> 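Below is the structure I would like to discuss, written out as structure tokens.
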Amino acid sequence: MYAKNGGYIIILLVILIGFCGKTEGATVTCEPQYGFLPCTSETWGRLFLIVVYQYLIALAQSYVSEGSDKFFGLVGPGIFGASLFHIIGNFPSLYLVLQSGLSNNVEGAASSTGMGMSILTGSIVMNLTLIWPTVITFGSYSLSDDDDDDDSDLQQSAEDEPSFFTKLTAYGVKTDNETSNSARIMLASVIPFTLLQLPSIINSTSITRVILLITLILVVSLYITYVTYQMFQPLAQNRIFEYVTQQFVKSKLETLLSTNGKPNVRIIKEIYTGIDVNHDGQVSKTELKTLLVGMQLQSDGAISDDFVEKVMEQFGVSGDEFIQEGEFVRIMTKWLRETRKSASRDDDFNPLRFFIKRNGPVDEEEQTSPLIPKESPKLQISILEYLEALSLVAFGTAVTMLISSPLTTNVWTFASNANVPSFLIPYFVIPCFSSISRILSTIKSASQKTERAASLTLSQIYSGVAQSSLTSLTTFLAIVYIKDLPWDVTAQVLVVLIISGVMTFFTSTRTVYPLWMGYAIYLLYPASLLMLYFLTVGLTKLLADNAPKAMKEQKFESYFERKIAIDASMSIYQFLIVVGRTGTEMLTNEAGEVTSHLQGMFNRTIRLLESGLKPVYVFDGAPPDLKKQELAKRYSRREDATAGLNEAIQSGNKDDIEKFSKRTVKVTKQHNEDCKKLLRLMGVPVIEAPSEAEAQCAALCKADKVYAVASEDMDSLTFGAPKFLRHLMDPSSRKIPVMEFDVSKVLEELNLTMDQFIDLCILCGCDYCDSIKGIGGQTALKLIRQHGSIETILENINRERYQIPEDWPYEEARRLFKEPLVCVDEEQLDIKWSAPDEEGLLNFLVAENGFNSDRAVEKIKASKNKSSQNRLESFFKPVASTSVPIKRKETNEKGSKEPANKKAKAGGGRKKK
DNA sequence: ACTCTGACTCAAGACGCT
DNA sequence: TTGAGTCAGAGT
DNA sequence: AGCGTCC
């Protein structure tokens with residue numbers, strides 16, 4: 001059976017890889033993970049992949065749990081059962097939780113740590129508010145104690161069934177005391193979450209770290225306690241053991257009973273081997289007991305040795321003798337026949353009859369009787385068995401590790417493309433996926449509708465929660481502490497606390513859960529979603545004082561097919577400064593004209609086209625008057641630098657030459673014209689802004705002509721570009737992810753209006769005017785918050801402390817930001833991307849500027865390939881984004897971002913790596 | 001003690017070869 | 001030029 | 001990954 005499933009996994013993988021290969025021919029714009037896993041840039045393709053990956057993970061997890069169950073069955077309760085068993089069983093989900101935190105990507109560390117915690121929170125809450133009530137609703141039976149066995153299935157016999165509302169109180173589930181005990185243990189495991197809440201109350205980074213350490217120590221000691229407890233209190237372990245074997249035997253028996261006609265000897269033999277854990281070819285008394293447990297022979301309480309003896313007698317053996325396979329098959333067959341005919345007498349100890357009417361009488365008096373077989377099953381070790389278990393675990397784990405990273409990336413991208421709120425992904429989607437199999441098995445086992453089944457299943461949930469929160473929390477805290485990662489888990493922690501608090505209230509004191517309670521607790525799940533939503537959204541607002549996260553990291557590839565406006569002058573400047581320049585030397589053509597900018601622009605544009613982006617380059621027009629002052633200053637500085645350069649050349653100081661030559665770089669009209677020509681030849685649209693290029697970019701974005709503005713200059717935000725990308729060009733050379741800013745979110749989280757935001761930017765310093773001495777990002781934000789506008793600030797500010805520049809033209813600057821001179825008429829409509837004019841391009845590059853023709857041809861080809869596939873329009877609108885620290889340009893920018901980290905903003909001390 | 005500012009420094013493109 | 005990172009000093 | 005080359 002494992003082999004069959006293993007076959008599925010392998011076949012699926014092969015299909016996937018084949019799928020990948022197919023994609024490769026036509027469209028490869030995405031990077032296959034590990035070089036062979038398929039990938040896609042289309043949204044629905046992603047969905048498909050997600051489903052497949054998820055299925056694979058579910059399979060893998062079932063392997064791991066089967067394997068670890070097998071281990072447990074082999075070893076039985078003991079030190080292994082107490083410790084390793086849990087860890088192994090939890091490994092796949094643990095890995096899912098932590099893989100994000102393990103990434104080396106420091107930039108994304110904050111979000112990944114948050115993500116790990118969200119997954120943990122999500123699965124805890126899901127266990128408690130979805131799986132838990134499932135036990136109640138699926139496992140409920142009449143709580144009144146009459147012995148009518150007919151209500152075995154609530155849904156079926158509608159006639160004599162009580163009404164739905166009556167059932168709410170009259171039906172339900174009972175559990176034993178041990179279950180409440182597990183609940184209390186689970187509660188204890190949640191205690192550390194309280195500590196994690198402290199940093200948001202206390203405003204100190206150092207204390208935060210101490211708290212982190214204390215929490216870590218607490219969690220570890222709790223974990224040790226938990227393991228120790230289980231070692232010396234085999235109660236809990238025995239429950240799991242029973243649960244495990246019960247699952248196996250039960251499923252077999254169900255198949256057996258569901259086949260009509262002749263008893264299926266093969267399955268009976270399978271059961272026999274299943275029970276015969278040590279594979280010595282015979283079933284002992286202890287092993288038989290396992291069978292009886294699996295049959296749910298008694299609705300609660302232990303199987304008495306007495307009873308086992310009697311059943312043994314049925315098999316013709318007694319005491320320490322063994323049951324042989326042939327005998328086993330014979331008796332089982334007999335039982336089956338009898339059961340079908342229901343001709344058996346009551347005292348003949350046919351356990352199957354009890355199994356069939358699972359909802360047998362509940363004997364409350366026996367509730368307190370010991371649940372545990374007096375002797376734990378002592379099983380002999382079979383190497384083969386171990387190997388099988390081991391390989392199951394190893395295989396499942398390997399598949400999980402392999403798949404989980406592609407799964408999560410796909411899930412994220414899908415979510416962002418489909419506009420799913422991002423917090424739902426780690427909180428709902430991922431735990432949901434990994435819980436599916438658990439939900440199913442829970443339904444199955446709860447459907448037995450016996451106290452024992454309910455108790456076992458609930459215990460299983462509690463201990464599952466306790467284990468996963470302890471293991472995950474330990475690892476999470478350790479990583480965060482050791483790597484000193486930023487973390488802000490206030491919202492998740494609160495949700496866990498509230499949910500588990502409510503659940504504790506429900507569960508700690510009682511053993512009877514009426515049906516209504518199950519339904520009520522279902523409601524907690526949506527409630528927790530709302531709670532988390534308001535906490536994340538609300539909190540950031542509340543914390544807006546510091547660093548709202550209004551930004552989202554994006555993969556470079558996720559901008560496939562997106563139209564992006566780029567400020568050309570900025571790029572040209574960069575190219576001139578950096579491309580092929582050594583001292584005063586630059587890349588030139590034969591005529592001695594500089595071609596650095598062409599080289600850079602060509603390469604970059606090719607790269608963009610190859611990635612499927614649609615760039616629009618916007619060139620600067622005439623600078624506004626205000627900026628002229630600034631420009632004049634720059635000009636004079638450049639003069640100085642030129643003088644310095646000459647001096648340096650004469651003195652031969654290389655460092656100085658280097659330094660000054662950088663400063664003397666100037667983008668000339670000629671450079672601009674060259675680039676425009678190049679771009680037009682490449683089929684890339686070029687727009688000439690009447691004034692500021694940044695402003696024009698923003699206008700294009702506002703007019704929905706482009707998806708976003710890409711720039712390194714934060715002025716774009718001030719100009720109100722709805723979407724703003726930073727580091728778009730960087731990922732190739734550096735490992736910085738693209739940051740996507742959403743102005744509306746920025747405003748929302750800063751809790752400012754656009755006008756206020758503009759004022760803020762002016763205060764922080766802009767190209768148009770000076771800033772006020774002594775006011776940086778922080779103070780500016782505070783002042784704006786407090787007073788609302790520059791005017792009011794000026795009225796209220798302490799003029800002694802802050803020297804306000806004379807003739808401070810803030811109003812003018814504001815006007816430039818608010819109503820920049822941009823071109824809005826339909827002239828812009830001709831933003832069209834066309835195929836490159838190869839001939840013209842080659843002529844221009846090779847003939848006029850001395851480019852290597854082979855290289856040029858090759859690159860043009862590359863870009864053409866990709867751009868032809870660009871035709872596949874994506875249906876999906878640009879994506880909403882979330883969360884980022886706000887920044888402002890100038891030094892102060894750091895003012896607002898960096899403090900964001902330090903400020904211990906209520907969000908909990910974030911530390912920077 | 002903690003926060004904020006401002007002054008300082010540094011690097012800045014993109015590709016391919018080894 | 002720009003931003004990023006660091007550091008010292010001044011301000012609470 | 002580091003370093004030279006692109007023109």
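So that the names make sense, note that chain A is the first sequence line, chain B the second, and so on, each numbered from 1. Because the structure is a prediction, the values reported are computed rather than measured.
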> Distance check, P atoms only: B:dA11 and D:dC3, in whole angstrom units.
13 Å
> Contact class for A:Lys666 (heavy atom, under 4.0 Å): base, sugar-phosphate, or nothing?
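Result for A:Lys666 = nothing.
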> What does A:Thr779 touch in the nucleic acid at a heavy-atom separation under 4.0 angstrom: a base, only the sugar-phosphate, or nothing?
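Since only primed, P, OP1 and OP2 atoms lie under 4.0 Å of A:Thr779, the category is sugar-phosphate.
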> Please confirm whether the shortest side-chain N or O distance from A:Arg726 to OP1 or OP2 of C:dA4 is below 4.0 Å.
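Yes, because at least one side-chain N or O of A:Arg726 sits under 4.0 Å from OP1 or OP2 of C:dA4.
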> Taking atom P in both B:dG13 and C:dG5, compute the distance separating them and give it to the nearest angstrom.
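About 15 Å, rounded to a whole number of Å.
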> Please pick, from B:dG13, B:dC4, C:dG3, the nucleotide with the shortest atom-to-atom distance to any side-chain atom of A:Gln574.
B:dG13
> Within this structure, what is the CE-CG distance for the pair A:Met601 and A:Leu679, rounded to the nearest 0.5 Å?
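Between atom CE of A:Met601 and atom CG of A:Leu679 there are 5.0 Å.
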> For B:dT9 and D:dC6, measure between their P atoms and round to the nearest Å.
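My reading of the P atoms in B:dT9 and D:dC6 gives 34 Å.
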> Is the closest side-chain donor-acceptor distance between A:Tyr707 and A:Glu740 under 3.5 Å?
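Yes.
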> Say we look at C:dT2 and B:dG16: how far apart would their P atoms be, to the nearest angstrom?
32 Å
> Look only at the side chain of A:Glu712 and the backbone of A:His727, and say whether a donor-acceptor pair between them is shorter than 3.5 Å.
yes
> Could you tell me how far apart A:Phe575 (CZ) and B:dC15 (P) are, to the nearest whole angstrom?
11 Å
> For a side chain to side chain donor-acceptor pair (under 3.5 Å) with A:Asp674, tell me which candidate from A:His671, A:Gln670, A:Lys676 qualifies.
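Option passing the side chain to side chain donor-acceptor pair (under 3.5 Å) with A:Asp674: A:Gln670.
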> Distance check: side-chain N/O of A:Lys782 vs OP1/OP2 of C:dT12, anything under 4.0 Å?
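For A:Lys782, the contact criterion (side-chain N or O under 4.0 Å from OP1 or OP2 of C:dT12) is not met.
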> Measure OH/A:Tyr573 against C1'/B:dG13 and give the value in whole Å, please.
15 Å
> Let me confirm one number: the CG-OG1 distance from A:Leu760 to A:Thr718, rounded to the nearest 0.5 Å.
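It is 8.5 Å, given to the nearest 0.5 Å.
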> Rounded to whole Å, please give me the gap between CG in A:Asp567 and P in C:dT1.
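Going from CG in A:Asp567 over to P in C:dT1 covers 17 Å.
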> Between atom CE in A:Met714 and atom P in C:dT1, what is the gap in whole Å?
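After rounding, the reported distance stands at 20 Å.
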> Can you measure A:His727 atom NE2 to B:dA11 atom C1' for me and round it to whole angstrom units?
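Whole-Å distance recorded here is 13 Å.
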> Round to the nearest Å and state the distance from A:His597 atom NE2 to B:dA12 atom C1'.
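Computing the A:His597:NE2 to B:dA12:C1' distance gives 18 Å.
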> Rounding to a whole Å, what distance do you find between A:Arg607:CZ and B:dG16:C1'?
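Nearest whole value for this atom pair: 15 Å.
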> How close or far is atom P of B:dA11 from atom CE of A:Met570, stated in whole angstroms?
19 Å
> Verify the neighbour count for atom CD of A:Glu812: are there more than 12 heavy atoms of other residues, nucleotides or ligands below 6.0 Å?
yes
> Sequence neighbours excluded, which residues qualify as side-chain hydrogen bond (donor to acceptor under 3.5 Å, both in side chains) partners of A:Thr588?
none
> Pairs under 3.5 angstrom, nitrogen or oxygen only, protein versus nucleotides 2-7 of chain D, please.
| from | atom 1 | to | atom 2 | distance (Å) |
| --- | --- | --- | --- | --- |
| D:dC6 | O2 | A:Gln599 | NE2 | 3.0 |
| D:dC7 | OP1 | A:Asn852 | N | 2.8 |
| D:dC7 | O3' | A:Thr595 | OG1 | 3.2 |
| D:dC7 | O3' | A:Asn849 | O | 2.2 |
| D:dC7 | O2 | A:Thr588 | N | 2.8 |
| D:dC7 | O2 | A:Thr588 | O | 3.3 |

